[in-house]
Amino acid sequence: MKKIIAALLCVFISLSLLVGRQAFAAVQMEIPAIKTEVPKLVVNTADGNGTSLEKEDGYTDAQINISDNGESVLEKDIIIKVRGNSTAMTAKKSFTFKFDKKQDLFGMGKSKKWVLLANAFDPTLLRSYVAFDLAQELGLEYTSRQKIVELWLDGKFRGCYTLMTPVKATLDTDGERDFMLEYERLRVDEGTTYITSNGLRFGISDPDEPEDGQVEYISKKLDELSSIIKYGDREAIENALDTISFAKFYVLNEFLKTNDFNFSSVYFYYKDGKFYAGPPWDYDLTMGNVNQDFSSNSAAAFKTDGEFINNKLFYKYLCKNEWFMLEVRREYTRHGDYFRNIGAEGGLIDSLAAEYADVFERNYTDAGWKIRYLINVMMYPLPTYEENLEFFKSWCAERDSWLSEFYETDSLRFILGDCDRSGTIEIADVTLLQRYLAEAENDPEIALRGSVTGEKPSISDATEIQKYIAEFNTSAKIGEIMVK
């Protein structure tokens, strides 16, 4: 009888292993993988209860050991807590941890406070990473740096996380005249001071605990800024706002279709007499990862076509100005190659998925996390990792295609030196520029395209183009793609 039971048990174990292998076959990527080791973070809490921590528990004492390429690079005492709101209710929680003194981790800058993002709502584990990479590409000031890592908590492997500095740690304000605000439509966090201006509700993020006088000053300044944005002319707006940051922030969130943009985690700051948009934060529910049946806002965020941010927050008024939308179009055009590469075959998403394939595999096998529907606003995941990745890629490619056409980016690009718009640089361009200089032509496009030395068009520009055609050395940037 024991032999029969033993035989049956062996069969059961074999079947279990087979099912386990088949289960992961459904989530691993069918793209060339590059073996990549990532930093390991080992956290041990004083009470050994890290895996059962809840947000309301607050900070708990712990020790962290960080290793890279098998070598320990840092071992320190920390305090750690669960972070987030809806994400705090998931099994795979995000964390905030804090050192007693600032530490520079992996060259990302010095900070006491650090964040471990779980990316629990995103089955690809890549949306936030792509969003912050895009923010860096756009040049948004104080964008958090990031590093994909693996976490062990009180002896248990917790899988793939993204290590970052939080928004407050990236931006220094003087605490008196400068401040940072987080748009928060409804949520109330204990210890946060809220103010309302022009129907928009903000939590004061910096200073952390503003005094009454600071709250009054911030409220008055925000009312002033809101009024200028709503009623001011171009000069007044440009004097009060860093409009370039507002354009970059618009482009970022318009491409991503940030579902939460009208609700939460949208930051603005006032520094050195100017109002800025950003820094960016919270992008797991973007780029199509939304439930189109949840609300009209989510339905619009799910689609790859259509404008999305133009009627939200301060952009409700800024986007009515043609000069502002022209800067938005220019900003998108300047980074057109980058946008096209995000969802392209072999592009950014593909390269990241291949580079971190082993890490993502361990997240879904060794750590035991599942591709699951976790919150009513997220898209119901597709069955396999690869299907979710392909959806993500396709969404980004289609979004770029629609925006490129909508912004008429082709009409803003030109080849420096191509005076006649033929697409090539030849002697006819020199002749046309000479005719313009002789006032036989008056098309301003000739001057724009022919100013290869960066100055007002002159005979020296014609000479430089001739040298370029004859393949002589020239310091002029002839042949480069420029944006009007």
Side-chain angles (χ1 to χ4, degrees), residues 131 134-141 143 183 197-200 225-262 266-270 274-280 283 286-287 296-297 300-301 303-340 342 395-414 421 444-445 448-449 481-484:
L134 174 56
Q136 293 284 356
E137 161 71 16
L138 291 169
L140 274 163
E141 292 286 339
T143 296
Y183 178 73
S197 178
N198 195 31
L200 302 178
L225 292 165
S226 296
S227 180
I228 291 172
I229 292 170
K230 188 174 182 179
Y231 301 111
D233 59 16
R234 178 173 182 173
E235 183 179 4
I237 292 172
E238 290 186 327
N239 285 335
L241 272 63
D242 182 86
T243 53
I244 298 301
S245 77
F246 273 82
K248 291 176 184 291
F249 200 55
Y250 180 88
V251 166
L252 173 70
N253 290 284
E254 185 63 72
F255 174 80
L256 302 176
K257 280 203 168 183
T258 308
N259 188 65
D260 289 339
F261 196 84
N262 210 32
V266 184
Y267 289 89
F268 301 90
Y269 64 95
Y270 185 79
K274 284 267 190 175
F275 196 41
Y276 294 79
Y283 293 108
T286 62
M287 292 173 272
S296 58
N297 185 77
K303 298 190 300 181
T304 57
D305 62 351
E307 292 180 278
F308 189 68
I309 305 297
N310 64 312
N311 61 353
K312 295 175 174 60
L313 307 185
F314 299 118
Y315 293 108
K316 181 178 180 180
Y317 307 105
L318 284 175
C319 290
K320 293 179 180 178
N321 296 297
E322 289 186 10
W323 59 267
F324 179 77
M325 289 309 299
L326 177 57
E327 185 53 43
V328 166
R329 292 175 58 214
R330 285 172 173 161
E331 196 64 45
Y332 197 92
T333 305
R334 290 184 190 109
H335 303 277
D337 290 343
Y338 185 93
F339 281 107
R340 279 189 294 277
I342 292 175
W395 193 96
C396 290
E398 290 174 18
R399 183 64 177 150
D400 169 61
S401 179
W402 189 87
L403 283 172
S404 295
E405 183 175 350
F406 181 73
Y407 289 149
E408 298 179 323
T409 56
D410 286 344
S411 70
L412 294 178
R413 292 190 187 93
F414 67 92
R421 309 177 219 187
E445 278 276 322
L448 176 69
R449 293 164 176 266
I481 303 296
M482 308 295 287
V483 177
K484 297 178 186 178

What closest approach, in Å, do [X] and [Y] show between heavy atoms, and which atom pair accounts for it?
| X | Y | answer |
| --- | --- | --- |
| Ser245 | Ala277 | OG-N, 3.1 Å |
| Asn259 | Ala301 | OD1-CB, 3.6 Å |
| Ala131 | Leu256 | CB-CD1, 3.7 Å |

Just jot down the side-chain contact (heavy atoms from CB on, under 4.5 Å) partners of [X], sequence neighbours excluded, or say none.
| X | value |
| --- | --- |
| Ala240 | Leu225, Ile228 |
| Asp410 | Arg413 |
| Ser197 | Leu222, Asp223, Ser226 |
| Asp400 | Phe255, Tyr332, Phe339, Arg340, Ser404 |

Working for salt bridge (charged side-chain N to carboxylate O under 4.0 Å, His left out), residues Glu322 and Arg329:
CA-CA 10 Å; Glu322 289 186 10; Arg329 292 175 58 214; over 6 Å; no

Please name all residues satisfying side chain to side chain donor-acceptor pair (under 3.5 Å) with [X], sequence neighbours left out, ordered by chain then number.
| X | answer |
| --- | --- |
| Ser296 | none |
| Lys484 | Glu445 |
| Glu327 | Arg334 |
| Glu408 | none |

Please test Ile229 against Asn198 for side chain to side chain contact (heavy atoms under 4.5 Å, CB included), starting from the C-alpha separation and ending with a verdict.
CA-CA 11 Å; Ile229 292 170; Asn198 195 31; over 6 Å; no

Side-chain contact test, heavy atoms from C-beta onward, threshold under 4.5 Å: evaluate it for [X] versus [Y] and give yes or no.
| X | Y | answer |
| --- | --- | --- |
| Ile237 | Leu318 | yes |
| Val328 | Glu331 | no |
| Phe249 | Val266 | yes |
| Arg449 | Arg421 | yes |
| Tyr315 | Asn310 | no |
| Trp402 | Thr304 | no |
| Glu141 | Tyr269 | yes |
| Phe324 | Leu241 | no |

Contacts of Lys257 that satisfy salt bridge (Lys or Arg N to Asp or Glu O under 4.0 Å) - sequence neighbours left out:
none

Applying salt bridge (Lys or Arg N to Asp or Glu O under 4.0 Å), can you list everything that pairs with Glu307, at least two apart in sequence or on another chain?
none

Spatial distance of atom [atom1] ([X]) from atom [atom2] ([Y]) [nearest 0.5 Å]:
| X | Y | atom1 | atom2 | result |
| --- | --- | --- | --- | --- |
| Leu313 | Tyr183 | CG | OH | 5.5 Å |
| Thr409 | Leu403 | OG1 | CG | 9.5 Å |
| Asn262 | Ile309 | CG | CD1 | 8.0 Å |
| Thr333 | Met482 | OG1 | CE | 13.0 Å |

Step-by-step side chain to side chain contact (heavy atoms under 4.5 Å, CB included) determination, Glu254 to Phe261:
CA-CA 10 Å; Glu254 185 63 72; Phe261 196 84; over 6 Å; no

With side chain to side chain contact (heavy atoms under 4.5 Å, CB included) as the criterion, how do Thr143 and Leu138 come out once you've worked through the C-alpha distance, each side chain's angles and the decisive distance to 0.1 Å?
CA-CA 10 Å; Thr143 296; Leu138 291 169; over 6 Å; no

Quick one: list whatever passes ring pair (Phe, Tyr, Trp, His ring centres under 6.0 Å) with Tyr338, sequence neighbours left out.
none

When you look at NZ of Lys316, are more than 12 heavy atoms from neighbouring residues, nucleotides or ligands closer to it than 6.0 Å?
no

Answer yes or no: is there a donor N or O on one side and an acceptor on the other, between the side chain of Thr258 and the main chain of Thr286, under 3.5 Å?
no

Quiz item: cation-pi between Lys312 and Phe308, 6.0 Å / 45°
yes

Pairwise salt bridge (charged side-chain N to carboxylate O under 4.0 Å, His left out) hits with a residue in residues 227-239, at least two apart
Arg234-Glu238

Name the orientation class of the two ring planes belonging to Phe268 and Phe314 (parallel below 30°, tilted from 30 to 60°, perpendicular beyond 60°).
perpendicular

